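Below is one structure, written out as C-alpha cells; the observations come after it.
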Amino acid sequence: DHVNITDIDGNSYYVIRIGTQLWMKESLKTTKYNDGTAIPIATVSSQWSGLTTGACCWYDYNISNKDVYGALYNWYTVSSGKLCPAGWKVPDNQDWLELVDYLGGKDWASGKLKETGTIHWSDPNTGATNEKGFTALPGGARFVEMHEFGEFHDINKTGYWWSANESYEGPNGVSDNPVYGFYYSLEHDNNILNHDTKFKAWGLSVRCMRH
C-alpha cells in the first residue's frame, strides 16, 4: 500500500503491507500522545531509571538520531494506548508472532526484516535481505539494570521494539507485579528474531501497526 501516515507531531511514515498486517516502515518519532499530551523527554539518566510514567528520548540525547532511528520510549508510554496515531497500535505478542510466522519462523525472520548493507548495521549484518521492505534499523536501547541507570547501548548492533504485553517474569526472576514488558529484537551478527522481557523503564524503539 503506497500510503503515508502522519503522527501528531507531523512526522510522516511510509506504510507497508506484510501478509494481512500494515506496518510503519520506520520507528516512531513522536514526542506527543495522539491526544496532544506531551511525552516528557528525559535527559538525566538518574531521572530516567526511576520513572514509572511515560517518557522518551533520543539515543545519546542527540536529536540527529531522531530522523534515522526514531525515539526510545519506556513501556509506560506504550501502556497509555495513545502512543501511535489514532487507528494504529503498538503490536502485541500475537501481532509479532503473526509476523514471524508469515516470514517463516524466528530463525529466519530477522534477515527478512533488516535493512541491507552496513550503513546503519554493523558488520556482518547476517542474512539481511529486507525482502518485505520492513527496513529494520539498529536504534539501540536505554538500559536500566542493577548498575545501569539509563545508559545508552547497542546502536548499529541491535534494534529493540516493544510489545504491548507486560510480564511478571523477567531476567531477574518472577515479580509480584508485572514490572516487565515484552520486546522483540534483531541483531547484526545473527538471523534470529529474539523475544524476551525487560524492565518497563528501559528505553526501546516502537513500530506501529494495524490490521
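Computed from a predicted structure; not experimentally measured. Note: hydrogens, waters and symmetry copies are ignored here, and every other heavy atom, side chains too, is used.
- A donor-acceptor pair is defined here as one N or O able to donate and one able to accept, closer than 3.5 Å; such a pair exists between the side chain of Asn74 and the backbone of Ala55.
- From Ser122, atom OG reaches atom CD of Glu187 across 11.5 Å, with rounding to the nearest 0.5 Å.
- In this structure the side chain of Ile8 never reaches within 4.5 angstrom of the side chain of Pro85, judged on heavy atoms.
- A cation-pi arrangement is present between Lys114 and Trp121, with the terminal nitrogen or guanidinium carbon under 6.0 Å from the aromatic centre and inside a 45° cone about the axis.
- How far CG of Asp123 is from CG of Asp189: 11.0 Å, rounded to the nearest 0.5 Å.
- Side-chain atoms of Leu103 and Lys132, non-hydrogen and from C-beta on, do get closer than 4.5 Å to each other.
- Considering only heavy atoms from C-beta on, Met24 comes within 4.5 Å of Ile5 through its side chain.
- Minimum interatomic distance between Asp176 and Tyr168 (heavy atoms only, all atoms of both residues): O-CE2, 3.4 Å.
- The shortest distance between side-chain heavy atoms of Leu186 and Thr158 does not fall below 4.5 Å.
- For the ring pair (Phe, Tyr, Trp, His ring centres under 6.0 Å) test with Trp202, the passing option among Trp162, Phe152, Phe143, Tyr183 is Phe143; the others fail.
- Asp92 and Ser163 are not linked by any side-chain donor-acceptor pair at a separation below 3.5 angstrom, with hydrogens and angles left out of the test.
- With no hydrogens or angles considered, no side-chain donor-acceptor pair links Thr126 and Asn190 at under 3.5 Å.
- In the hydrophobic cluster analysis, where Ile, Leu, Val, Met, Phe, Trp and Tyr join through side-chain heavy atoms closer than 4.5 angstrom, Val68 is grouped together with Leu72.
- For the 3.5 Å distance criterion, the side chains of Asn62 and Tyr69 fail to qualify, holding no donor opposite an acceptor.
- Applying the ring pair (Phe, Tyr, Trp, His ring centres under 6.0 Å) test between Phe199 and each of Tyr180, Tyr76, Phe182 identifies Tyr180 as the sole match.
- Ile41 and Tyr61 are assigned to two separate hydrophobic clusters, defined by single-linkage of ILVMFWY side chains at heavy-atom distances under 4.5 Å.
- Among residues two or more places apart in sequence or in another chain, the salt bridge (Lys or Arg N to Asp or Glu O under 4.0 Å) test is passed with Lys200 by Glu166.
- Between the side chains of Tyr13 and Asp7, at least one donor N or O lies within less than 3.5 Å of an accepting N or O.
- The salt bridge (Lys or Arg N to Asp or Glu O under 4.0 Å) check on Asp95 picks up Lys89, with sequence neighbours excluded.
- Between the side chains of Tyr160 and Asp154, at least one donor N or O sits under 3.5 Å from an acceptor N or O.
- Interatomic distance, Asp101 CG to Lys106 NZ, rounded to the nearest 0.5 Å: 12.0 Å.
- Leu193 has its side chain within reach of Tyr184: a pair of non-hydrogen atoms, C-beta onward, lies under 4.5 Å apart.
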- Message: Does Leu83 form a side-chain contact (heavy atoms from CB on, under 4.5 Å) with Ile39? I'd like the steps, not just the answer.
- Response: CA-CA 9 Å; Leu83 185 56; Ile39 303 170; 3.6 Å; yes
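- Hydrophobic cluster of Trp58: the remaining members, joined at side-chain heavy-atom separations below 4.5 Å, are Ile63, listed by chain and number.
- In plain terms, the two heavy atoms of Gly70 and Lys29 that are nearest each other are CA-CG, 3.7 Å.
- Using bins of under 30°, 30° to 60° and over 60° for the plane-to-plane angle, the ring pair Trp23/Trp96 lands in the tilted bin.
- Thr6 has its side chain out of reach of Asn11: every pair of non-hydrogen atoms, C-beta onward, lies at least 4.5 Å apart.
- When every heavy atom of Leu51 is checked against every heavy atom of Ala42, the shortest pair comes out as CD1-CB, 4.3 Å.
- Inspection of the Thr20 and Glu98 side chains reveals an N or O donor paired with an N or O acceptor under 3.5 Å.
- Hydrophobic clustering of Ile, Leu, Val, Met, Phe, Trp and Tyr side chains at less than 4.5 Å, counting indirect connections, keeps Phe149 apart from Val179.
- Put simply, the side chain of Ser110 reaches to within 4.5 Å of the side chain of Asn191, judged on heavy atoms.
- Between the side chains of Gln21 and His211, no donor N or O sits under 3.5 Å from an acceptor N or O.
- Nearest heavy-atom pair across Lys157 and Pro138 is N-CB, 3.6 Å.
- Linking Ile, Leu, Val, Met, Phe, Trp and Tyr whenever their side-chain heavy atoms come within less than 4.5 Å puts Tyr33 and Val206 in one cluster.
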- Task: May I have the step-by-step check of side chain to side chain donor-acceptor pair (under 3.5 Å) for Asn4 and Ser12, ending in yes or no?
- Result: CA-CA 6 Å; Asn4 286 64; Ser12 185; 3.3 Å; yes
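- Grouping the Ile, Leu, Val, Met, Phe, Trp and Tyr side chains by contacts below 4.5 angstrom, directly or via other members, places Leu22 with Leu28.
- Taking the ring centre of Phe134 as origin, the terminal cationic atom of Arg207 falls inside the region bounded by 6.0 Å and 45° from the ring axis.
- Asp9 and Thr31 are linked by a side-chain donor-acceptor pair at a separation below 3.5 angstrom, with hydrogens and angles left out of the test.
- Remark: Thr135 OG1 to Glu26 CD distance equals 8.5 Å, nearest 0.5 Å.
- To the nearest 0.5 Å, atom CG of residue Asn165 and atom NE2 of residue His195 are 7.5 Å apart.
- Summarising the geometry, atom OG belonging to Ser80 is positioned 10.5 Å from atom OH belonging to Tyr73; distances are rounded to the nearest 0.5 Å.
- Trp161 and Ser27 share a donor-acceptor pair across their side chains, judged by distance under 3.5 Å alone.
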- Under the side chain to side chain donor-acceptor pair (under 3.5 Å) rule, what do Ser175 and Asn177 come out as? Steps first, then yes or no, please. CA-CA 5 Å; Ser175 168; Asn177 299 302; 4.9 Å; no
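- Cation-pi contact between Arg142 and Trp48: present, with separation from the ring centre below 6.0 Å and deviation from the ring axis of at most 45°.
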